[in-house]
Amino acid sequence: MPWWYDVVEARHELQNPTSPEKIRLLGERLGLGPSSHVLDIGSGKGGPAVLLAREIGCRITSVERSPEFAAVARERVREAGVEVEVVESDAKDFRIEPVYDAALCLGASFAFDGLVPTVEALANAVPSRGFVAVGEPYWRTWPLPADFEVEEGEDFLTLPQTVERFESAGVQVVTLIASSHDDWDRYESLHWLALEEWLAANPDDPQAEEFRERGCHHRDRYLRWIRDLMGWAIFICRT
Ligand SMILES: C[S@@+](CC[C@H](N)C(=O)[O-])C[C@H]1O[C@@H](n2cnc3c(N)ncnc32)[C@H](O)[C@@H]1O
C-alpha cells in the first residue's frame, strides 16, 4: 500500500519549510567543521544531513523510523559519497551517547512526544554549552481566528512562548532561522505537484480517492489559513 508521505514528498529534498541556504546557515551557526560529528533525529530522506556533510565535510549520524525514507537517504548518501550513517530506528529506541558536537531534530519533535522531551533528549548528546537545534512550528497570530479549526498535534504557541517552552527544558535559545513564505510555498506546493503526478500515474489505485480528498483538504487549509497563521523556525540552543 502506498504511504501518504512517500507519495506527497516524492519531490522533496528538504522535508520542511526551509531552504538549502538556511541549512548552510545552520551549519555555520553551529560552528561545524570537517571534524564535527552531528546527530540528526527524524532525518527523513537525509536532505539536511547530506547537504551539511557535503558542504562542510562533517560526519553525521541520522536516525529515521521510516524504512522508505531511510532507503532514499542511504541512496543519496551513496551518490554524494559523504560520511552519513543512516540508522533505521524509532527515535526513542536509539541510545543517545554524549559523543556529538551538535544534535538536530528538524520537524520531528513528535518523535519524542513533544518539544521539551525532544530538547532534553538531544541535550544528552552534546557537551556542556553544546548546540541543540530543533525545527518547530509556532503561531504567527494569537489568538487564532475563531473559525480556524486546530487539528490534532497542533498544540503550538506564539514565537515568544515557544522560546519559553524551549528554555523550560534547561537550554538557552541563542539564535533563530525562520522560514519565509517562499520556504513554505516550496514545501507545501511540492506536495500538490507530487500528488497530481501520482494520481495521474495511479488512477485506479484503491487509495487514489482518499489521497485526492486528503490533498484537497491540505491545499485548501494551507491557502486559507496556514500560510498566514503558522510560522516555522530552527531554534538553535546552547545547553
Ligand atoms: C517533517 S520530516 C523531516 C525530515 C528531515 N528532518 C528534513 O528536514 O528533511 C519528519 C521525519 O521524522 C520521521 N519520524 C517520525 N516519527 C519518528 C520517530 N518516532 N522516530 C524517528 N523518526 C521519526 C518521519 O518519518 C520523517 O521522516
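Atoms within each ligand, like the ligands themselves, are counted from 1 in listed order. These figures come from a predicted structure and were not determined experimentally.
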Novice: Show, in sequence, the C-alpha distance, side-chain angles and deciding distance for D228 and R140, and conclude whether the salt bridge (Lys or Arg N to Asp or Glu O under 4.0 Å) test is met.
Specialist: CA-CA 7 Å; D228 290 326; R140 290 180 191 276; over 6 Å; no
Novice: Tell me, please, which residues at least two apart from H12 pass side chain to side chain donor-acceptor pair (under 3.5 Å).
Specialist: none
Novice: Count the heavy atoms belonging to other residues, nucleotides or ligands that lie under 6.0 Å from CZ of R227, then report whether that count exceeds 12.
Specialist: yes
Novice: I'd like to know whether CZ of R219 has more than 12 heavy-atom contacts from other residues, nucleotides or ligands below 6.0 angstrom.
Specialist: no
Novice: Go through the steps for E167 and R165 under the test salt bridge (Lys or Arg N to Asp or Glu O under 4.0 Å), then give the verdict.
Specialist: CA-CA 5 Å; E167 297 194 335; R165 191 178 269 182; over 6 Å; no
Novice: Taking the six-membered ring for Trp, are Y138 and W232 ring centroids under 6.0 Å apart?
Specialist: no
Novice: List, ordered by chain and residue number, the protein residues whose closest non-hydrogen atom lies under 4.0 Å from any atom of ligand 1.
Specialist: L14, Q15, N16, G42, S43, G44, P48, E64, R65, S66, F69, S89, D90, A91, L106, G107, A108, F110, A111
